[in-house]
Amino acid sequence: MSATLSLLFGLLVAIVALATLATRLRIPYAILLVLGGLLLGFVPGLPRIVLNPELVLVLFLPPLIYSSAWLTSWREFHANLRSILQLALGLVLGTTIVLAVVAHTIAGLSWPVAFVLGAVVSPTDAVAASATAQQLGLPRRIVSVIEGESMVNDATGLVVYRFAVAAVVVGSFSLWQAGLQLVAVSLGGLLIGLVIAWPVAWLHRHLDDAPIEITITLLTPYAAYLLANALQMSGVLAVLSAGLYLSHQSSRFFSSNTRLQANAVWNVLVFLLNGLVFLLIGLQLRGIVETIAGRSLLTLVWQALLISLAVIAVRIAWVFPAAYLPRLVSPRLRVRDPYPGWRQVAIVAWIGMRGGLSLAAALALPFTLTGGLLFPQRDLVIFFTFCVILATLVGQGLSLVPIIRLLGLERDSSLEREHALAHLVAARAALSRLDELATEAWVPQDALTDLRSHYAHKLEILTEAMDGAGDEHFDGHVPVQQRLRQEVLRAERAVVIGLRDRGRIDDETLRLVERELDLEEQRWQG
């Protein structure tokens, strides 16, 4: 037990150190964690860590998918649904077929095993895509498409994977059954997610206890995923639909106290789970290299490079026609959704990273077939999958920052404008409500005057910003005023800490006042 705890502690320390270094180097921390895991795997004396496929699929995947769904804009997801489905359905199937041909031709894999490899590496990874796209500050629509694709295509990839493995194990395959099951599994997963989400939303509305509600948010993705898997439906889509629904409803049932604490808990949890997934991916290289002992490593690396290039090329060849051909054919679509800029299309075509899901699927391949024979070329499927992950996650990931700079992609300003608009409407509503309360006997006139002055001043600033008179990248506050408020709050914190240090107040009182000051700072920043 002590050895396991020491190992876990060492992994967490490595995550913090590598993520800190990645921040200094201004690269996505997922990349540095995988590279760090590669190096740690060959450290003498370090125990070999075997990645359990069930651990990735059950322990890591539900909360990470749930977090991505929670942070996804339903409006953006719905607006880009056509693009997401093109990538999540058509591209996954296309990649599976092309990769099967390439692997059969170049590496000599049998046709059934080649299709297994294609199914394993065809879906992009939701964890890698979300962790990388958000860190790079890409435009909102690109992030929505990439994250939506990576969450939805897991269902397609896993169904294709299931039938490809069955074709190897049993020796038979039915195309129409695979298509029918894909539809049933997808719709069933979405429905199960909603069935879980409705009572959870009702429960949140009747609770006002932050620890209990946060615990419920931690249990919800596992409930959706496990129930869907037990019913042979898509656990990923169940978590996705539950997350989207509850996120949309959360503003109506979460108190400010619960929301602040839940955000803090989930930020730490997602960071640690992401870190462990990427670090564990890198640590698998040592064991994977041992499985291919006796083969020509140089030949295998060359074949893996060609397979990885094929994965990248298929995505590029698919994304550009999928973006432009439908608009070329449909005038109505052109009016509703004009041609996207080639720079945005190029970055979507390039950012197709694979990650822990693909490796878990490869490691989950059975060892034997019906009749007791060994699963053919299983070690090659695992090795090629690992190489594709390295090529797409590390190779493409490291190139993203210079490519984004070269293309001149910037975050669109629509989010800032919407932010200012929301504050503007809220300020008007506050002034209107103050006017209604002015005649109430319980309302002190001095407090009413102070609040009116505050909101009138805020309304003036917001109106100027919306009219273009304010800062070009208005973010909801004036920098000078924000600095002034921070200085005042810093002085308040310092004097209260001094009271605690002199024994005038208790630590519990200090924590209570600190929380009140933190909430006040958050209100000023909002």
Side-chain angles (χ1 to χ4, degrees), residues 5 7-40 49 51 55-72 124-138 143 146-147 150-151 210-211 213-222 225 236 239-240 243 246-247 250 254 258-284 351 353-357 359-360 389 393-394 397-398 400-401 518 522:
L5 290 177
L7 180 60
L8 179 60
F9 177 78
L11 292 178
L12 294 178
V13 170
I15 290 170
V16 173
L18 292 170
T20 303
L21 180 59
T23 302
R24 294 290 183 88
L25 298 176
R26 296 184 178 181
I27 61 174
Y29 67 80
I31 297 170
L32 208 57
L33 285 168
V34 171
L35 294 177
L38 291 177
L39 297 177
L40 288 174
I49 301 174
L51 182 63
L55 188 67
V56 174
L57 295 177
V58 177
L59 180 61
F60 292 99
L61 197 59
L64 292 175
I65 293 290
Y66 189 71
S67 175
S68 296
W70 191 279
L71 298 175
T72 296
T124 55
D125 188 74
V127 178
S130 178
T132 304
Q134 291 183 8
Q135 277 191 278
L136 293 172
L138 293 171
V143 175
I146 292 170
E147 289 187 343
S150 62
M151 287 186 287
E213 290 193 80
I214 293 171
T215 303
I216 291 174
T217 67
L218 297 175
L219 295 176
T220 300
Y222 291 106
Y225 187 86
V236 171
V239 175
L240 171 64
L246 289 171
S247 174
S250 63
F254 273 164
T258 300
R259 188 159 39 246
L260 285 169
Q261 294 188 50
N263 287 339
V265 169
W266 273 93
N267 284 341
V268 174
L269 177 67
V270 169
F271 170 75
L272 291 177
L273 291 179
N274 272 332
L276 283 172
V277 167
F278 295 124
L279 195 63
L280 288 172
I281 288 174
L283 287 169
Q284 302 312 300
I351 189 170
M353 291 167 289
R354 275 63 177 178
L357 180 66
L359 187 58
I389 293 171
L393 181 58
V394 178
L398 286 174
L400 280 172
V401 173
D518 290 342
Q522 291 298 317

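In this chain, numbering begins with 1 at the start of the sequence shown. This is a predicted model, so every value here is computed, not measured.
Within the 4.5 Å cutoff, no side-chain heavy atoms of I389 are placed close to those of V34. For the pair L269/L218, a side-chain contact is recorded, criterion being any heavy-atom separation below 4.5 Å from C-beta on.
We find the CD1-CZ distance between I214 and R259 to be 12.0 Å, quoted to the nearest 0.5 Å. The distance from the CG atom of L40 to the CG atom of L11 is 8.0 Å, given to the nearest 0.5 Å. For the atom pair CD1 (I281) and CG (L38), the distance works out to 10.0 Å, reported to the nearest 0.5 Å. In this structure, CG on L32 lies 12.0 Å from CD1 on I15, to the nearest 0.5 angstrom. With rounding to the nearest 0.5 angstrom, the OG atom of S150 is 9.5 Å from the CG atom of L240. In this structure, CG in L35 is found 7.5 Å from CD1 in I27, a value given to the nearest 0.5 Å.
Taking the six-membered ring where tryptophan is involved, the planes of F278 and Y29 are perpendicular, since the angle between them exceeds 60° and thus also 30°.
Taking every heavy atom of both residues into account, T124 and R354 meet most closely at CG2-NH1, 3.8 Å. Minimum heavy-atom separation, Q261 to A210: NE2-CB, 3.7 Å. Here the closest non-hydrogen pair linking T215 and P211 is OG1-O, 2.7 Å.
Applying the ring-ring contact (aromatic ring centres under 6.0 Å, His included) criterion to Y225, with sequence neighbours excluded, gives no partner residue.
Test F60, W266, Y222 against Y66 for ring-ring contact (aromatic ring centres under 6.0 Å, His included) and you get one pass: W266. Of the candidates V268, L273, N274, N274 is the only one forming a side chain to side chain contact (heavy atoms under 4.5 Å, CB included) with V270. When each of I65, T220, L61, L64 is paired with V239, the side chain to side chain contact (heavy atoms under 4.5 Å, CB included) condition holds for I65 and for no other.
Between the S67 side chain and the P63 main chain, no donor and acceptor come within less than 3.5 Å of each other.
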